[in-house]
**Student:** 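Here it is: the structure, laid out below.
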Amino acid sequence: MALINENYLKLPGSYLFAEIARRVSAFKEQNPAADVIRLGIGDVTQPLAPAVISALHTAVDEMAKAETFRGYGPEQGYDFLIKTIIENDYAPYGINLAEDEIFVSDGSKSDVGNIQEIFGTNNTVAITDPVYPVYLDTNVMAGRSGKLDADGKFSGIVYLPCTAENDFKPALPTTKVDLIYLCCPNNPTGTVLPKSELKKWVDYAKNNGAIILFDSAYEAYIREPEIPHSIYQIEGAKEVAIEFRSFSKLAGFTGTRCAYTVVPKTVMAFTKDGTAHPLNKLWNRRQTTKFNGAPYVIQRGAEAVYSPVGKEQVKTTVDYYMTNAKIIREGLLSIGLEVYGGVNAPYIWLKTPNGMDSWTFFDKLLNEANIVGTPGAGFGPAGEGYFRLTAFGNRENTVEAINRIKTKLSL
Ligand code: MLT
């Protein structure tokens, strides 16, 4: 008799964005004429940069000729892309990384979901609350969560609340934890952590033998000069942190799929007898066994993001989304809502009006204004009473959404 992984049964309901998609389709079925504006999942709407398209075309043509055709590539990524990443994303900040410390992949969702496999199941995991659901759900699947309690929290997970009361800055845990997920700029709150805050976490990790899993998928949206672009700008982080970066939000690759993970060779974790092991070796072993590399054509497209013209084009699109963020932020502030994020991130996090719960506000916004957002409670118990809107829509829809919120929503 085949047995299932019973940890899957501990997961409540569906994956957040699958649940939202289901509710929106049900609404569309009942209201076929409704012109629904989707500001829920953070999916980009603007096309790939012309420099990327041109690189993709060239790479496709290479695949059409025997002399330039490529089969399996290196599981860790082609050196042309890895060298370009180091030169552009790290060297300008004085961060030295070796080529074999970068692992190119098909997306950060897979990487942040898979990374927990190289850690023992008896590690204590800390997540910020609210949080990108992948960090939590994958640890539940792996058996690190304990059981789901009535307060909506798993008994074995350490939750670090991030709310307006603590300015969205998680406090250090009061009990010892081993794995810490941090996301900056933050999904879902759109807030950021300055160097002084990140330094606290690096020091905590060093003092407690913990590892920081630092998700930096929204790095391109940082506007304020004092906000760090990489965890490795913090002294000591190369001993305790793994960093995740993505081309999805930087360059519109949500459907094209390319990302990378940095695992410095100095980051160690331990066997029960206290022997240190470099995580780089374990991740390399995991990737070479379970992953055959991101497609050559896609990696050529990602490389083009860093060409002088590619950089300009990608920046124009990121600026476009940040103008949307400003439109949403200012529009909501103008009607007296409490609004966070949207300054260094493409997400706007608002307090639901009149103490409404997040899913009630979701239904109200959908029914009255035909706008889809994401209920804060879907990101964790501390997200209850909040709501997320994304700036990744097109301009016309963004302006129209704010107009509808101002004129159609009864507050
Ligand atoms: C989100 O909406 O939180 C993101 O788009 C999800 C993701 O990047 O997987």
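We count ligands from 1, going down the list as the structure has it; atoms in each ligand are counted the same way. Just the heavy atoms: all of them, side chains too, but no hydrogens, waters or symmetry mates, feed the values below.
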**Student:** Does Arg70 have any salt bridge (charged side-chain N to carboxylate O under 4.0 Å, His left out) partners at least two apart in sequence or in another chain, and if so, which?
**Tutor:**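 Once residues adjacent in sequence are excluded, Arg70 has no partner under the salt bridge (charged side-chain N to carboxylate O under 4.0 Å, His left out) criterion.
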**Student:** Could you note down all residue pairs passing ring-ring contact (aromatic ring centres under 6.0 Å, His included) where residues 21-64 supplies at least one of them, sequence neighbours left out?
**Tutor:**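 Matches after skipping sequence neighbours: none remain.
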**Student:** Sort out for me which residue in Leu389, Ile20, Leu39 forms a side chain to side chain contact (heavy atoms under 4.5 Å, CB included) with Val372.
**Tutor:**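 Among the candidates, only Ile20 passes.
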**Student:** Any side-chain donor-acceptor pair under 3.5 Å between Glu243 and Tyr90?
**Tutor:**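 Side-chain D/A pair, Glu243 to Tyr90: present.
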**Student:** Just jot down the side-chain hydrogen bond (donor to acceptor under 3.5 Å, both in side chains) partners of Thr254, sequence neighbours excluded, or say none.
**Tutor:**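 By the side-chain hydrogen bond (donor to acceptor under 3.5 Å, both in side chains) rule, Thr254 matches Asp43.
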**Student:** One line per pair, note the atom names and distance for all nitrogen or oxygen contacts under 3.5 Å between ligand 1 and the protein.
**Tutor:**
unit_1   : atom_1 : unit_2 : atom_2 : d
ligand 1 : 2 (O)  : Gly42  : N      : 2.6
ligand 1 : 2 (O)  : Arg388 : NH2    : 2.7
ligand 1 : 3 (O)  : Asn187 : ND2    : 2.8
ligand 1 : 3 (O)  : Arg388 : NH1    : 2.9
ligand 1 : 5 (O)  : Gly42  : N      : 3.4
ligand 1 : 5 (O)  : Gly42  : O      : 3.2
ligand 1 : 5 (O)  : Lys249 : NZ     : 3.1
ligand 1 : 8 (O)  : Lys249 : NZ     : 3.1
ligand 1 : 9 (O)  : Tyr132 : OH     : 2.6

**Student:** Aromatic rings Tyr386 and Trp349: how do their planes relate, parallel, tilted or perpendicular, breaks at 30° and 60°?
**Tutor:**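 Ring orientation, 0 to 90° scale: parallel.
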